[in-house]
There are 2 protein chains.
Amino acid sequence: MKKQYLFYGLILGALMILMRLIEYRFLIRSHVFELYGGLIALLFMGLGLWAGRKFTQKRAPVEIVQVPPPVFDENKINDLGISKRELEVLQLIVQGHSNQEIADRLFISLNTVKTHSARLFEKLEVNSRTKAINRAQELGLIRVN
Amino acid sequence: MKKQYLFYGLILGALMILMRLIEYRFLIRSHVFELYGGLIALLFMGLGLWAGRKFTQKRAPVEIVQVPPPVFDENKINDLGISKRELEVLQLIVQGHSNQEIADRLFISLNTVKTHSARLFEKLEVNSRTKAINRAQELGLIRVN
DNA sequence: GCCAAAATCACCCAAAAGTATGACAATCAC
DNA sequence: GTGATTGTCATACTTTTGGGTGATTTTGGC
């Protein structure tokens, strides 16, 4: 970690010096300007550093999401317009089966499973099976027995 | 890692050069000073933000482990040899996040998330994230309450 | 300070999952 | 018997995951 700081410091310093040299060649502006720019750079760099640190430390910790008690609720299934077959697929998804496994178990093609799961995801308003698992447990769509 | 340094260096250099170019173009006009200052401010603010985030990313996530409410079995985590970071990843997987989302949240690369999850799957003796979710819930590796 | 474990990242390849669209038959309500 | 719904399947394509390997860096314990 310290090495990194040092490294970046050096890079920054080197670039600053480089800037100076180039600037000298053009001889266009007064030193006031450079001072001003440097100061601004330093100031905002510091501000950025501070802000970055501040935001990062709060966002980084992984919050543990509380899962509501999974109570099986048949009404929700109807509310969401989930069909019988879709529910079967959902159950197998929640149990951790792959699409191929589900296809084999229900004696339907892989494509059909995909169709069902796609519709399922739509109705559950998710875009992946892992999120569907969460959502299903949240909503109590699945019997936990 | 070397590549990364180089990359950052180049980015920085490129920005510097860009600054110079822009500066040159506006030299003739009157409001150069303010423009230039603002630009510097913005650039370094961004740089600072990035750096602050980068440098603090590793420390922050560690905190979660001490959060109290446990009805989960910590012994099993040790038994299986699951590391702290791996557990974090597991928690996010169980919560339904994609690898990319996990990477973003933990401020690590997608590749790293894959490495963690691969080891995780090994230790949990599964071969997919959905099965890992089941297994984690079975073993009580995750705080559910 | 050194060593081992943990964490990070990269690259490649293959498999699985997801998206979009279209099609067709069975069932059921009206 | 018509229309809507459901279930089935396909093709094509993109994205995500998973598996394997190797490497560097950081951390923690001794």
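Lettering of chains follows the sequences in order, A, B, ..., and the numbering in each one begins at 1.
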Pairwise side-chain contact, [X] with [Y], heavy-atom cut-off 4.5 Å (strictly under):
{"X": "B:Ile108", "Y": "B:Arg85", "result": "yes"}
{"X": "A:Val94", "Y": "B:Thr130", "result": "no"}
{"X": "B:Val113", "Y": "B:Leu106", "result": "no"}
{"X": "A:Asn99", "Y": "A:Arg129", "result": "yes"}

Using atom [atom1] of [X] as one end and atom [atom2] of [N] as the other, report the distance to the nearest whole Å.
{"X": "A:Gln100", "N": "D:dT17", "atom1": "CD", "atom2": "C1'", "value": "16 Å"}
{"X": "A:Lys131", "N": "C:dA17", "atom1": "NZ", "atom2": "C1'", "value": "13 Å"}
{"X": "B:Leu90", "N": "D:dG18", "atom1": "CG", "atom2": "P", "value": "12 Å"}
{"X": "A:Leu120", "N": "C:dA17", "atom1": "CG", "atom2": "P", "value": "14 Å"}
{"X": "A:Arg129", "N": "D:dG18", "atom1": "CZ", "atom2": "C1'", "value": "14 Å"}
{"X": "B:Asn99", "N": "C:dG18", "atom1": "CG", "atom2": "P", "value": "13 Å"}
{"X": "B:Asn127", "N": "C:dA16", "atom1": "CG", "atom2": "P", "value": "9 Å"}
{"X": "A:Ile93", "N": "C:dA16", "atom1": "CD1", "atom2": "C1'", "value": "13 Å"}

Original post:
Roughly how far apart are A:Ile133 CD1 and A:Ser128 OG, rounded to 0.5 Å?
Top reply: 8.5 Å
Subject >> Spacing of B:Leu87 atom CG and B:Leu80 atom CG [to the nearest 0.5 Å] >> reply: 11.0 Å
Every protein N/O within reach of nucleotides 2-4 of chain D N/O, cut-off under 3.5 Å:
none

Original post:
Within the side chain of A:Glu86, is there an N or O that forms a donor-acceptor pair under 3.5 Å with the backbone of A:Ser83?
Top reply: yes
Original post:
Ignoring hydrogens and geometry, is there a side-chain-to-backbone donor-acceptor pair from B:Glu101 to B:Ser98 under 3.5 Å?
Top reply: yes
Original post:
Is A:Glu125 salt-bridged to A:Lys131, cutoff N-O under 4.0 Å?
Top reply: no
Original post:
Under a 4.0 Å N-O cut-off, is there an ion pair linking A:Arg135 with A:Glu138?
Top reply: yes
Original post:
Taking protein heavy atoms under 4.0 Å as touching, what does nucleotides 6-13 of chain D look like 5' to 3' if B marks base contact, S marks sugar-phosphate-only contact and - marks none?
Top reply: -SBBBB--
**OP:** Taking atom types as modelled, find out whether A:Thr112 and A:Thr115 have a side-chain donor-acceptor pair closer than 3.5 angstrom.
**Re:** no
**OP:** Using five base pairs at each end, measure the axis-to-axis angle across the helix from C:dG1-D:dC30 to C:dC30-D:dG1 and round it to 10 degrees.
**Re:** 60°
